[in-house]
There are 2 protein chains.
Amino acid sequence: MNTDALRGHMDALLLSVLEHEPLHGYAIIEALQQRSGGALSVPTGTVYPALRRLERVGHLTSAWATVGGRKRRTYRLTASGRAALAGERSAWQEFTSAIGAVLSPRPQHDA
Amino acid sequence: MNTDALRGHMDALLLSVLEHEPLHGYAIIEALQQRSGGALSVPTGTVYPALRRLERVGHLTSAWATVGGRKRRTYRLTASGRAALAGERSAWQEFTSAIGAVLSPRPQHDA
DNA sequence: TTCCACATGTCGCCAGTCTACATGTAGGCT
DNA sequence: AGCCTACATGTAGACTGGCGACATGTGGAA
């Protein structure tokens with residue numbers, strides 16, 4: 001799976017996966033894959049820039065850590081990020097219900 | 001509503017709205033708006049090029065008609081378009097379930 | 001020493017959506 | 001007559017953001 005249809009929903013995904021625990025980029029990618037049952041394979045070229053963008057607008061903060069000799073940049077939700085997540089969730093509801101309403105197969109109208 | 005998050009789902013919307021009856025561009029825009037309960041306002045600059053693209057790849061055919069002195073280009077689903085619609089529908093299912101799985105608020109894990 | 005998993009990052013491409021503009025008819029209202 | 005709105009189609013160009021490909025480096029196992 002995984003067309004470029006994710007467009008516009010990446011923020012929601014990233015914020016959601018960071019809701020309960022701070023994670024670093026690589027772990028975020030794995031978390032997305034696991035949570036979606038393997039359906040989502042988000043490439044690094046998408047995730048890292050997106051994380052930086054979310055930090056730039058204040059929805060995330062980051063901190064470096066070294067674990068086992070590996071450098072990680074760990075991201076954490078801010079209050080603003082939490083609010084944004086709530087907004088993304090309701091936007092997602094509206095979005096799916098709107099598209100779903102159009103897409104749902106309706107029986108051929110019979111007189 | 002209506003961000004550019006429609007990206008990648010326009011084809012599905014257009015094919016779906018044409019499933020049971022041929023329509024012309026202007027009517028398609030109105031149909032999308034009605035079916036979505038007013039949520040979708042797709043601009044002409046999106047719809048007309050998209051229709052032409054779908055015709056180019058063989059999912060639609062078009063024919064001119066004059067109704068009340070107005071020229072209309074009426075689009076109709078082809079067999080290929082019907083197949084594409086089925087594909088779009090199942091892709092939409094997969095898509096929403098994948099994103100939904102990530103987005104759904106999960107309770108804070110407590111020991 | 002080779003290879004893979006871990007880990008982060010950038011650059012440039014590109015598809016597709018949107019804004020704004022251009023064009024024209026029909027019909028109602030004043 | 002003149003104006004406005006709904007109907008109807010279309011294009012050009014800007015913008016956006018996800019993606020593929022590349023670059024870099026560590027730790028550990030074979």
Side-chain angles (χ1 to χ4, degrees), chain A residues 1-15 22-34 36 39-57 59-60 62-75 88 91 95 98-99, chain B residues 1-15 22-34 36 39-57 59-60 62-75 84 88 91 95 98-99 102:
Chain A
M1 212 252 271
N2 188 25
T3 59
D4 66 327
L6 296 231
R7 190 172 276 259
H9 309 290
M10 270 307 307
D11 292 11
L13 294 175
L14 296 175
L15 295 172
L23 290 174
H24 61 286
Y26 192 89
I28 289 172
I29 293 173
E30 289 182 326
L32 286 174
Q33 206 150 352
Q34 280 166 21
S36 67
L40 293 178
S41 304
V42 192
T44 67
T46 296
V47 168
Y48 290 112
L51 289 171
R52 291 171 153 277
R53 181 168 46 76
L54 287 172
E55 185 177 21
R56 201 168 57 242
V57 299
H59 293 340
L60 300 178
S62 69
W64 284 98
T66 304
V67 177
R70 258 70 163 265
K71 294 240 182 185
R72 297 175 173 174
R73 201 213 278 262
T74 305
Y75 288 91
E88 294 281 0
F95 176 71
I99 308 290
Chain B
M1 214 252 270
N2 187 26
T3 59
D4 65 328
L6 295 232
R7 191 168 277 257
H9 308 291
M10 270 308 306
D11 292 12
L13 294 175
L14 295 175
L15 294 173
L23 288 173
H24 61 287
Y26 193 87
I28 289 172
I29 293 173
E30 288 183 326
L32 286 174
Q33 206 150 352
Q34 281 167 20
S36 66
L40 293 178
S41 303
V42 192
T44 68
T46 296
V47 169
Y48 289 113
L51 288 171
R52 290 169 153 277
R53 181 168 45 78
L54 287 173
E55 187 177 19
R56 201 167 58 241
V57 299
H59 293 340
L60 299 178
S62 70
W64 284 98
T66 304
V67 176
R70 258 70 162 266
K71 294 240 183 185
R72 296 175 174 173
R73 199 213 277 262
T74 305
Y75 287 91
E88 293 280 2
F95 176 71
I99 308 290
V102 176

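Letters go in sequence order (proteins before strands), and every chain restarts at 1. Everything quoted here is computed from the prediction, not taken from an experiment.
The side chain of Arg72(A) contributes an N or O atom lying less than 4.0 Å from OP1 or OP2 of dA7(C). For Thr44(A), no side-chain nitrogen or oxygen approaches OP1 or OP2 of dG9(C) to under 4.0 Å. Contact check, Arg52(B) against dT11(D): a side-chain N or O comes under 4.0 Å of OP1 or OP2. Proximity of Arg73(B) to the phosphate of dG10(D): a side-chain N or O atom is located under 4.0 Å from OP1 or OP2.
Regarding Leu32(B), its CG atom lies at a distance of 12 Å from the P atom of dC18(C), rounded to whole Å. Rounded to whole Å, the distance from CZ on Arg70(B) to P on dT5(D) is 16 Å. The CZ atom of Arg53(B) sits 16 Å away from the C1' atom of dT11(D) (whole-angstrom rounding). Going from atom CD1 of Ile29(B) over to atom C1' of dC7(D) covers 11 Å, rounded to whole Å. The OH atom of Tyr48(A) sits 14 Å away from the C1' atom of dA23(D) (whole-angstrom rounding). dG18(D) atom P lies 10 Å from atom CG of Leu54(A), rounded to whole Å. The distance from atom OH of Tyr26(B) to atom P of dT5(D) is 13 Å, rounded to the nearest whole Å. Distance Leu51(B) CG to dA8(D) P: 15 Å, rounded to the nearest Å.
Mapped onto DNA chain D by nearest heavy atom, Glu30(B) and Pro49(A) fall at different nucleotides, with Glu30(B) at the one closer to the 5' end. Residues Trp64(A) and Arg7(A) each lie close to DNA chain C; by heavy-atom proximity, the contact nearer the 5' end of the strand is made by Trp64(A).
Atoms CG and CE, from Leu51(B) and Met10(B) in turn, are 7.5 Å apart once rounded to the nearest 0.5 Å. One finds the CG atom of Leu13(B) at 11.0 Å from the OG1 atom of Thr46(B) (value rounded to the nearest 0.5 Å).
Here Gly25(B) lies in heavy-atom contact (under 4.0 Å) with sugar-phosphate atoms only. In this structure, Gly45(A) reaches the bases: a heavy-atom distance under 4.0 Å links it to at least one base atom across the strands shown.
Side-chain proximity of His24(B) to the nucleotides dT17(C), dT9(D), dA26(C) is greatest for dT9(D).
The two atoms that bring Ile28(B) and Leu14(B) nearest to each other are CG2-CD2, 3.6 Å, heavy atoms only.
Between His9(B) and Phe95(B), the ring planes are tilted. Angles from 30° to 60° get that label.
Tested against Ser62(B) for a side-chain hydrogen bond (donor to acceptor under 3.5 Å, both in side chains), the candidates Arg52(B), Arg73(B), Arg72(B) yield a single pass: Arg73(B).
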